[in-house]
S.K.: 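I'd like to ask some things about the structure below.
The figures that follow rest on heavy atoms only: side chains count, while hydrogens, waters and symmetry mates do not.
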2 protein chains.
Amino acid sequence: MTKLRKQSCANVCIIRNSFLSLRPMVTISDIAAALGVTPSTVSRALSGSPRVKEETRLAVEQMAAEMGYERNVVASNLRKGKSDIVGIIVPRIHRNFFSNVIGGAESILEAAGYCVLICQTHERLEAEMKALRTLRNNQVAGVLISHAIGARDGKHILDALGSHIPLVQFDRVFSELPGAKVVSDNFEGAYAATRHLMEQGYRHIGTLAGYMNSEAYAARLEGWRQALRDGGLPEGEVYYDTIVRETGFEAGLKAIDAGCDALYSAGDFSALGAVEAARSRGLRIPEDFGIVGTANETFTSLMTPSMSSLALNPFEMGRQAAQAFLEGADGVRVVPMELKVRESSCRNHSENQITHTPCLK
Amino acid sequence: MTKLRKQSCANVCIIRNSFLSLRPMVTISDIAAALGVTPSTVSRALSGSPRVKEETRLAVEQMAAEMGYERNVVASNLRKGKSDIVGIIVPRIHRNFFSNVIGGAESILEAAGYCVLICQTHERLEAEMKALRTLRNNQVAGVLISHAIGARDGKHILDALGSHIPLVQFDRVFSELPGAKVVSDNFEGAYAATRHLMEQGYRHIGTLAGYMNSEAYAARLEGWRQALRDGGLPEGEVYYDTIVRETGFEAGLKAIDAGCDALYSAGDFSALGAVEAARSRGLRIPEDFGIVGTANETFTSLMTPSMSSLALNPFEMGRQAAQAFLEGADGVRVVPMELKVRESSCRNHSENQITHTPCLK
DNA sequence: TTTCCAAATATAATCCATTTCATTGTAAAA
DNA sequence: TTTTACAATGAAATGGATTATATTTGGAAA
């Protein structure tokens, strides 16, 4: 009886092997059969359990290597209820900022044995929800997200993701959501940028402010406002919802008509638009009109005149977000920004190597 | 007996439900139990099989919606042996070219119901192999890849990926590998760029040639060479392995010392380096020295003087690669390049709106 | 009325790794 | 010698969906 069973098992093995030549799918059962042990032992041996004899582990590892075994992670994930995939959701990967955040996160996550699934939302809430559901259905180990502009609040996020998957928000965050958050020091950064403009002698400083449903942009607006206040200047003009070159251009014209001699822009592309607006009105930069952008996009250092920009530290933000996920720690991590002073805001040459004065919040 | 079994089933359901409140994992078995049918019927109903009564299908769909069911794709993938994930492997996602390819591929794949897993190799063969294994282990539906510079040939690729996963190569391809390929028309593009320089009156045109283990760079070199030949000019200087700003700068200096009055560069960053080299030698651009780069990076249109560049069409390449995967068709797809004529190569003003003359290969 | 076919559904195997619980064997303690 | 404890491994259940095969049912044809 026992012999018969062995016989039939052998047959099964032969059949399996003939399949193997077609597609190389070695399972732990194959290894177990080859060694005369059970799949559970093989599983334990391969996953580093202390509950197998060292000798057995070596035999299993050797046989696994010999047969070209590779763990079927799909099956493994199903059983364990989670995968080694971490999802990252960003508005647009081709934005320098986001691709660097991804790079930073990846550098940490890859070393920790995770791989990274990237989703773009194109700033649409609907796409964000879909991405969250996709990630949940794939049972990802965690999600790092920077919200689409179209997302108004965090309620929908939890519905779509569920509450058992760790969530780390970065850059654009909703305070009301649980989990870790990583943000730039937007207030302090905008404060420094504005103060720099004041120190360069600009006296009528407006701002291109971005979207107010983003806490990052809101904080930059407040930093700008506080700097003006602390410097004894009157309230300046605010141009909302300016993110891209075109709206930056239009807002730039309005700012010039309103008498501004400088702008702090919460984005680089809108700042570029403002530069073009100033040029179209015959103003010289930085002599007649000063500009500081935000994000330190590649082009800012290559254009003429080179553009001052408040640099985010996306790579570090990505690293921090990944760390927060790995450590499972809640709370807010603040990544400092750095003001890159270039030609567009520097009419006082002795100030070229300015180091900004931190404000007391 | 039957009654007893039903009873115990009811208990099980109640227990399940109490779990449900903790974590919402509704399975097809739950739906089946609620409706008094079997899981197989529910599965068929939800996957659109014609083998269920319309009435049953509606009841299942309604109950699924009511209970908040979402398919466990991990389990589904395990059974079906493949997933709805398509892997994209690129050297660096923050490169404009690659992030746009990804965007193009994503636009097609998402519409077809796939999601996209992105891997970076940082130009390292080792990382490329690891990415391929990761994707295979996750049983992705297909892989789109642009090889790392470190990858010398295609042999290792098949070993790592296996032969049952569709592979589409783009931009940097190995001809010897099976499967679809999508490439830019590098020969024609470089030919047009070089011819443009000749038409602007440059007579000693060198090239910054990139890495010769990449067929794309090799084709650009040949296009440049053929244009010189067809134009009756002698062989020009070739500077290999110049990709980044620094090597472009060094090669630029050498080219100037060798008497070149223009360069066709197979990359934009190296072209930028060459611009700086020319400036450092006091040459005016484009009057004394002409340059055309390749890739149409964002900064090329924003710098001063703006830089002519041979534009790739990365978004379209991504679309084509995704289409090739979806259609399962082998063969090579060629995406045309477009010469963007800007200031750095235009000393003949009547030529500003040049449209390039195609060459006969 | 019986027979047969097709539609609809049920049963059970399958995908593969993991994990709980049970069993065996061996050495140390009583 | 017997009990105790532990190490090592086996057996079987589990995760959730899919699918090959089997069964039931209803209606048409004989």
S.K.: I want to check one thing: is the phosphate of dT18(C), taken as OP1 and OP2, less than 4.0 Å away from some side-chain N or O of Ser43(A)?
M.R.: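 So the side chain of Ser43(A) is within the cut-off, an N or O lying under 4.0 Å from OP1 or OP2 of dT18(C).
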
S.K.: How long is the line joining CZ of Arg51(B) and P of dT23(D), in whole Å?
M.R.: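 In whole Å, dT23(D) P and Arg51(B) CZ are 15 Å from each other.
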
S.K.: Does Phe315(A) have any ring-ring contact (aromatic ring centres under 6.0 Å, His included) partners at least two apart in sequence or in another chain, and if so, which?
M.R.: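 Phe315(A) satisfies ring-ring contact (aromatic ring centres under 6.0 Å, His included) with no other residue.
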
S.K.: Please determine whether a side-chain nitrogen or oxygen atom of Tyr69(A) lies at a distance below 4.0 Å from atom OP1 or OP2 of dC16(C).
M.R.: no

S.K.: Apply side chain to side chain contact (heavy atoms under 4.5 Å, CB included) to the pair Thr134(A) and Asn138(A), showing each step before the final yes or no.
M.R.: CA-CA 6 Å; Thr134(A) 299; Asn138(A) 277 287; 3.7 Å; yes

S.K.: When only distance counts, do a donor and an acceptor, one from the side chain of Arg44(A) and one from the base of dT9(D), lie under 3.5 Å apart?
M.R.: no

S.K.: Of all heavy-atom pairs between Leu132(B) and Ala160(B), which one has the smallest distance, and what is that distance?
M.R.: CB-CB, 3.8 Å

S.K.: Please tell me if Thr56(A) has a side-chain N or O lying less than 4.0 Å from either OP1 or OP2 of dT9(D).
M.R.: yes

S.K.: Starting at CG of Asn137(B) and ending at P of dA17(C), how long is that distance when rounded to a whole Å?
M.R.: 10 Å

S.K.: Between dT18(D) atom C1' and Asp84(B) atom CG, what is the distance in whole Å?
M.R.: 15 Å

S.K.: Between Arg333(B) and Gln320(B), does any side-chain donor sit less than 3.5 Å from a side-chain acceptor?
M.R.: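 There is such a pair between these side chains.
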
S.K.: Expressed as a whole number of angstroms, how long is the span from Asn72(A):CG to dG15(D):P?
M.R.: 18 Å

S.K.: Rounding to 10°, can you tell me the angle the first-five-pair axis of the helix from dT1(C)-dA30(D) to dA30(C)-dT1(D) makes with its last-five-pair axis?
M.R.: 60°

S.K.: Assess, by modelled atom type and distance only, whether the side chains of Ser47(A) and Ser49(A) contain a donor and an acceptor separated by less than 3.5 Å.
M.R.: no

S.K.: With respect to the side chain of Thr38(A), which nucleotide from dG16(D), dT18(C), dG10(D) is positioned closest?
M.R.: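 Nearest nucleotide to the side chain: dG10(D).
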
S.K.: Just how far, in rounded Å, is C1' of dA8(C) from CD of Glu54(B)?
M.R.: 13 Å

S.K.: Between Gly36(B) and Thr41(A), just flag the one whose closest nucleotide in DNA chain C comes earlier from the 5' side.
M.R.: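 Nearer the 5' end of the strand: Gly36(B).
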
S.K.: Measure NZ/Lys53(B) against C1'/dT9(C) and give the value in whole Å, please.
M.R.: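 Rounded to whole Å, this separation is 10 Å.
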
S.K.: With heavy atoms under 4.0 Å as the rule, sort Val37(A) into base, sugar-phosphate or nothing.
M.R.: sugar-phosphate

S.K.: If you look only at pairs with a residue in residues 59-75 of chain A, which of them pass as a side chain to side chain donor-acceptor pair (under 3.5 Å), with sequence neighbours excluded?
M.R.: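 Those involving residues 59-75 of chain A are Glu70(A)-Arg136(B), Glu70(A)-Asn137(B), Asn72(A)-Gln139(B).
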
S.K.: Rounding to an integer number of Å, can you tell me how far Arg79(A) CZ sits from dT18(C) P?
M.R.: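 In whole Å, dT18(C) P lies 9 Å from Arg79(A) CZ.
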
S.K.: Is the phosphate of dT18(D), meaning OP1 or OP2, less than 4.0 Å from a side-chain N or O of Arg71(B)?
M.R.: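 True: Arg71(B) side-chain N/O within range (under 4.0 Å) of dT18(D) OP1/OP2.
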
S.K.: Please pick, from dA12(D), dT9(C), dT9(D), the nucleotide with the shortest atom-to-atom distance to any side-chain atom of Ser40(A).
M.R.: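 Closest nucleotide among those given: dA12(D).
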
S.K.: At under 4.0 Å between heavy atoms, what does Ser76(B) touch on the DNA or RNA strands: base, sugar-phosphate, or nothing?
M.R.: sugar-phosphate

S.K.: Got more than 12 heavy atoms from elsewhere within 6.0 Å of CD, Glu55(B)?
M.R.: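 No.
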
S.K.: Indicate yes or no: at least one non-hydrogen side-chain atom of Arg92(A) is less than 4.5 angstrom from one of Ser99(B).
M.R.: no

S.K.: Round to a whole Å and report the spacing from CG of Asn77(B) to P of dT18(D).
M.R.: 9 Å

